[in-house]
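Structure first, commentary second.
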Amino acid sequence: MAKKQKICKKCGLIIEDEDVKECPVCGNTKFTTFWQGYAIIVNPEKSEVAQILNINVKGKYALRIS
């Protein structure tokens, strides 16, 4: 059975491992499972999307968090 994704409420990182207690990007401990859309950032230094979303670390990020 697939693990449920959770999203960091501070930076929007989508975390696949439900056992993670702290966001590896920003250290936040508050998460949600309600979100819409996502962006995969591969090279944050060269990505215009990453700059607009203020993302500095590569990963999968939710666009809208509820």
Side-chain angles (χ1 to χ4, degrees):
M1 184 174 208
K3 290 187 175 185
K4 193 171 188 178
Q5 297 173 328
K6 61 184 179 180
I7 290 63
C8 174
K9 283 191 161 190
K10 184 174 180 182
C11 71
L13 181 71
I14 299 174
I15 301 170
E16 304 286 336
D17 185 358
E18 62 187 24
D19 297 330
V20 172
K21 303 293 183 208
E22 183 177 292
C23 176
V25 172
C26 69
N28 189 32
T29 58
K30 295 185 181 182
F31 303 97
T32 185
T33 57
F34 301 103
W35 59 282
Q36 292 179 340
Y38 65 91
I40 298 174
I41 305 299
V42 178
N43 189 342
E45 294 83 21
K46 294 184 178 179
S47 169
E48 289 182 27
V49 173
Q51 291 174 6
I52 291 168
L53 297 174
N54 198 26
I55 295 172
N56 300 317
V57 179
K58 69 179 180 178
K60 186 175 177 182
Y61 293 84
L63 298 177
R64 175 180 269 175
I65 302 168
S66 301

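The environment of Glu48 atom CD is sparse: at most 12 non-hydrogen atoms of other residues, nucleotides or ligands sit within 6.0 angstrom.
To the nearest 0.5 Å, the span separating CD on Gln51 from CD on Glu45 amounts to 9.5 Å. Taking NZ of Lys10 as the reference point, atom CD1 of Ile65 lies at 12.5 Å (rounded to 0.5 Å). Here the SG-CG distance, from Cys26 to Asn56, works out to 11.5 Å after rounding to the nearest 0.5 Å.
Val20 belongs to a hydrophobic cluster whose remaining members, ordered by chain and number, are Leu13, Ile15, Val25, Phe31, Ile41, Val49, Leu53, Ile55, Val57, Tyr61, Leu63; membership requires side-chain heavy atoms of ILVMFWY residues under 4.5 Å apart, directly or through intermediates.
For Lys30, the side chain to side chain contact (heavy atoms under 4.5 Å, CB included) partners two or more places apart in sequence, or in a different chain, are Lys9, Asn28. Listed by chain and residue number, Gln5, Ile7, Glu16, Trp35, Tyr38, Lys60, Ala62 satisfy the side chain to side chain contact (heavy atoms under 4.5 Å, CB included) test with Ile14 (two or more places apart in sequence, or in another chain). Scanning for side chain to side chain contact (heavy atoms under 4.5 Å, CB included) contacts around Asn54 gives an empty result, with sequence neighbours left out.
Looking at every heavy atom in both residues, Lys6 comes nearest to Asp17 through CE-O, 3.8 Å. Of all the heavy atoms in Lys58 and Pro44, the pair that sits closest is N-CG, 3.8 Å. Smallest separation of non-hydrogen atoms from Cys11 and Cys23: SG-SG, 3.6 Å.
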